[in-house]
Amino acid sequence: MPLPAPSHHTPDRTLLVGCGALGTRLGQQLVRDGGQVFALRRTTAGLPAAFTALAVDLSVPVGRELPAVDAMVITLPPGGPVSGPALGPGPGPDGGYLASLRNLAAALPRVPERVVLVSSTRVLGGHTGGRPLTERDEPAPVGPRAEVLLEGERLATELFDAHVLRPAGIYGPGREMLLRKVLEHAPVQYARRTNRIHEDDLVRTLHALVTAEAPPRLLHAADRSPAPLGDVVTFIADRLGVSPPPRLEPDEATGTVLDGTRLLDFLGSLEHPTYRSGYGHLITARSVTNLLAEYTQVLQSQLFTRL
């Protein structure tokens with residue numbers, strides 16, 4: 001995995017809060033760099049042995065002091081206080097998200113020198129004109145989840161002076177929902193505007209935000225090819241050798257368009273700058289046998305349904 005510029009410095013001790021798949025990959029890289037990683041989530045089963053696991057439920061006051069660290073990365077999803085296997089919603093209308101941030105702040109012996117909060121481009125959902133959006137555009141959340149995400153950004157800035165990363169749709173190994181939709185021939189909105197970031201590039205971005213001397217305060221993680229969903233599923237179908245999925249009506253041009261210039265300037269390059277590169281690599285990496293078996297299961301299921 002290509003790393004950011006060599007002038008970057010790895011923190012000696014990093015706390016990963018809500019350490020799911022993304023945090024785990026980042027932590028493994030930081031360990032390879034020679035750093036110590038603390039992984040905090042409610043259930044710690046399955047974490048790498050190289051991490052110091054902290055079984056903590058942030059939906060309630062922690063009751064003990066967390067370790068002092070130099071950097072902290074927060075990947076808490078709204079609707080559940082800490083990511084982990086089979087976790088349900090936490091208390092409160094926001095699923096415990098904002099309370100978790102406050103409880104985290106109360107349990108830290110000091111605020112780390114570098115804090116990164118992973119939010120989402122969902123906070124921009126109210127911009128519907130199709131104009132490419134940059135980090136200079138004001139948030140426009142639509143719906144409770146987006147509103148909670150935006151409030152989380154504000155709270156993390158207040159509590160931790162956090163840098164905020166807003167990923168677009170994440171895809172990559174284990175994040176293959178769109179491939180399954182194409183294989184299942186599920187209807188999609190062809191005109192919907194979409195943006196995405198490959199997990200490899202997202203991990204690189206997080207690593208750079210943690211280690212760079214002066215990273216951006218706000219960064220949108222989106223590749224160089226925003227595209228209508230129809231273009232993406234047609235490409236995937238062609239690479240899989242199946243017919244494109246049907247068009248979902250009404251086929252409206254909803255969604256946003258994101259300008260990923262700041263991300264490219266920050267990283268210098270992307271592993272997968274377009275969906276063609278990312279999905280092409282993803283499809284090639286998957287076993288042809290597995291793909292055929294999956295497609296056969298879908299056909300058999302559809303045949304059984306008709307019977």
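Remember, predicted model here, so these are calculated numbers, not experimental data.
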Would you compute the distance between atom [atom1] of [X] and atom [atom2] of [Y] and round it to the nearest 0.5 angstrom?
X    : Y    : atom1 : atom2 : result
K181 : E176 : NZ    : CD    : 15.0 Å
F160 : R114 : CZ    : CZ    : 15.5 Å
D33  : T211 : CG    : OG1   : 7.5 Å
I197 : I170 : CD1   : CD1   : 9.0 Å
E252 : T128 : CD    : OG1   : 11.0 Å
L30  : D12  : CG    : CG    : 11.0 Å

[Y] and [X], any side-chain heavy atoms less than 4.5 Å apart:
X    : Y    : answer
T261 : T134 : no
L40  : M72  : no
Y97  : P77  : no
P245 : V188 : yes
T44  : L54  : no
V37  : T52  : no
T121 : L258 : yes
T75  : L16  : no

N-O pairing of [X] and [Y] below 4.0 Å:
X    : Y    : result
R25  : E199 : yes
R262 : D265 : no
D57  : R42  : yes

*Might you work through the side chain to side chain donor-acceptor pair (under 3.5 Å) test for T256 and R131, ending with a clear yes or no?*
CA-CA 8 Å; T256 57; R131 174 180 62 85; over 6 Å; no
Decide whether [X] and [Y] meet the rule of one side-chain donor and one side-chain acceptor closer than 3.5 Å.
X    : Y    : value
Q29  : R32  : yes
H220 : N195 : no
S119 : R166 : no
R41  : T43  : no

Looking at every heavy atom in both [X] and [Y], which two are closest together, and how far apart are they?
X    : Y    : value
A221 : L263 : CA-CD2, 3.9 Å
R110 : V69  : NH1-O, 3.1 Å
P216 : H163 : O-ND1, 2.9 Å
D251 : A191 : OD1-N, 2.8 Å
A208 : L267 : CB-CD2, 3.9 Å
P67  : R13  : CB-NH2, 3.7 Å

A quick test of your reading: do over 12 heavy atoms of other residues, nucleotides or ligands sit less than 6.0 Å from [atom1] of [X]?
X    : atom1 : answer
H127 : NE2   : yes
R136 : CZ    : no
R193 : CZ    : yes
E138 : CD    : no

Measure from the side-chain N and O atoms of [X] to the backbone N and O of [Y], and report whether any donor-acceptor pair falls under 3.5 Å.
X    : Y    : answer
R122 : P141 : no
T194 : A227 : yes
N103 : A99  : yes
H272 : T274 : no
Q189 : R247 : no

*Any chance you could lay out the side chain to side chain contact (heavy atoms under 4.5 Å, CB included) test for F51 and Q28, step after step, and finish with the verdict?*
CA-CA 8 Å; F51 294 2; Q28 289 171 325; 4.0 Å; yes
Verify same cluster id: [X], [Y] (apolar side-chain graph, 4.5 Å):
X    : Y    : value
V111 : I74  : yes
L248 : L229 : no
V232 : V257 : no

*asked:* Could you check whether Y171 and Y279 have their ring centres less than 6.0 Å apart?
replied: yes
*Kindly indicate, with the supporting measurements, whether the criterion side chain to side chain contact (heavy atoms under 4.5 Å, CB included) is fulfilled by V56 and V17.*
CA-CA 10 Å; V56 174; V17 181; over 6 Å; no
*Under the side chain to side chain contact (heavy atoms under 4.5 Å, CB included) criterion, do V203 and L22 qualify, and how do the steps go?*
CA-CA 7 Å; V203 173; L22 191 63; 3.7 Å; yes
*After noting the C-alpha distance and the side-chain angles of D223 and D201, does the key distance pass the side chain to side chain contact (heavy atoms under 4.5 Å, CB included) rule?*
CA-CA 9 Å; D223 69 16; D201 287 312; 6.0 Å; no
*Parallel, tilted or perpendicular, as decided by the 30° and 60° cut-offs, for the rings of Y275 and F235*: perpendicular
